[in-house]
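Have a look at the structure below before the remarks.
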Amino acid sequence: MPVQFKGSHILSIDQFQREDIEILFRTADRMEPYAQRRKMTRVLEGAILGNMFFEASTRTRISFGSAFNLLGGEVRESVGAESSSLVKGESLQDTARVLSGYSDLICMRHPQSGSVAEFASASRVPVINGGDGSNEHPSQALLDLYTIEREMVARGRAIDGLRIAMIGDLKYGRTVHSLCRLLCLYDNVRVVLVSPRELAMPEDYVEALREAGHSVLVTDRLEESIAHVDIVYSTRIQEERFQDRQQADLYRGRFRLNQSIYTRHCEPNTVIMHPLPRDSRAEANELDRDLDANPNLAIFRQTDNGLIVRMALFALILDVADQVDRHARPVHWFNPRLA
Ligand code: NCD
């Protein structure tokens, strides 16, 4: 049975069926003119988003907030565990009980796996998981797959039959965990998992991919892994999950991609993705700046798509998706984006 988005928490990709993803993506398509400020709508007028980020974030927090604003809603934020009552010993359930009196929907990021689900269990309003420790980051995987679909369609292909290499910290990277779960809903995918052995994809994700009938190759060799894939999905070493910086330094910079490696090893149309932030320090440099001129670098298309996918999630959860266009209005101010 497809999920009813209306009033639902979004905690894990596990809750979705393929039909749900189709509903979400086709709703996202309709959000693009609003995200680009070609039109405006106020369907969420009077609604308040509680944006609770107890761990570092830039794009996820701002894009959730902007997406809510673009639908006409207001945003309240709390940033950093140190400035919240959690440091006074308040339980996640009490915080949830209180905050759900102030907001109509809550987005939450927290360093502990499972914490957002615990919070949601005591919330009176829908909660979206904005990343819980190294566990999951469902909205990122949804925007990643939406981007993959668009990139593949532009190449006359589909998600079914995709060939993808995921590279880097696959042990702690929550975006790739959610993306693996999401790919399990599709057919005939070939997944190459490239990481140092110590940072390999946890076995249950590998098993799930195989059970979905996908072919999975686990390796620590970059160059041959990127040779016959449609998507190279690079990730950052999740330094904040290591004991200390020295431990993370052991792996930093192991899998660098630059234009000359791309030209030598990748097929000409291979798409390059990364959830961002990319670690641009010289010792890491996962995706070299010289790739910025490569039209197949999709990292900023991912962030733009993040806005419309998050708008679609809000519109479906708060049950206004059908009203967005009915309430459309022209934009009167100078729009630098369209100049
Ligand atoms: C990711 C995250 O927080 O998991 N960032 C994001 O939300 N786009 C990836 C990362 O921090 O490396």
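By convention here, the first residue in the shown sequence is residue 1. Counting starts at 1 for both ligands and their atoms, following the listed order. Keep in mind it's a predicted model, so treat the numbers as computed, not measured.
- Residue Pro275 places a heavy atom less than 4.0 Å from ligand 1.
- No more than 12 heavy atoms of other residues, nucleotides or ligands shown are found within 6.0 angstrom of CZ on Arg329.
- Not a single heavy atom of Glu55 sits closer than 4.0 Å to an atom of ligand 1.
- By heavy-atom distance, the residue among Thr175, Asp132, Thr58 lying nearest atom 1 (C) of ligand 1 is Thr175.
- Using the six-membered ring where Trp is involved, Phe314 and Phe68 have ring planes that are perpendicular, over 60° apart on the 30 and 60° scheme.
- Listed by number with element, the atoms of ligand 1 under 4.0 Å from a non-hydrogen atom of Gln140 are 6 (C), 7 (O), 8 (N).
- Here the protein heavy atom with the shortest distance to atom 10 (C) of ligand 1 is Arg236 NH2, 3.4 Å.
- Here Met108 contributes atom CE and Thr95 contributes atom OG1; the two are 7.5 Å apart, rounded to the nearest 0.5 Å.
- Heavy-atom proximity to Gln238, at under 4.0 Å, picks out these atoms of ligand 1: 10 (C), 12 (O).
- Checked by distance only, ligand 1 and Pro277 stay at 3.5 Å or farther apart across all their nitrogen or oxygen atoms.
- Among residues at least two apart or in separate chains, salt bridge (charged side-chain N to carboxylate O under 4.0 Å, His left out) pairs with a member in residues 248-276 are Arg163-Glu267, Glu239-Arg252, Arg245-Asp249, Asp249-Arg252, Arg252-Asp279.
- Considering backbone and side-chain atoms together, Glu240 places no N or O closer than 3.5 Å to any N or O of ligand 1.
- In terms of protein heavy-atom proximity, atom 6 (C) of ligand 1 is closest to Leu276 O, 3.4 Å.
- Taking the six-membered ring where tryptophan is involved, the planes of Phe25 and Tyr146 are perpendicular, since the angle between them exceeds 60° and thus also 30°.
- Protein heavy atom closest to atom 4 (O) of ligand 1, with residue, atom name and distance, is Arg174 NE, 2.7 Å.
- Scanning for salt bridge (charged side-chain N to carboxylate O under 4.0 Å, His left out) contacts around Arg289 gives Asp292, with sequence neighbours left out.
- Residues Tyr262 and Val232 form no side-chain contact, since every pair of their non-hydrogen atoms from C-beta on lies 4.5 Å or further apart.
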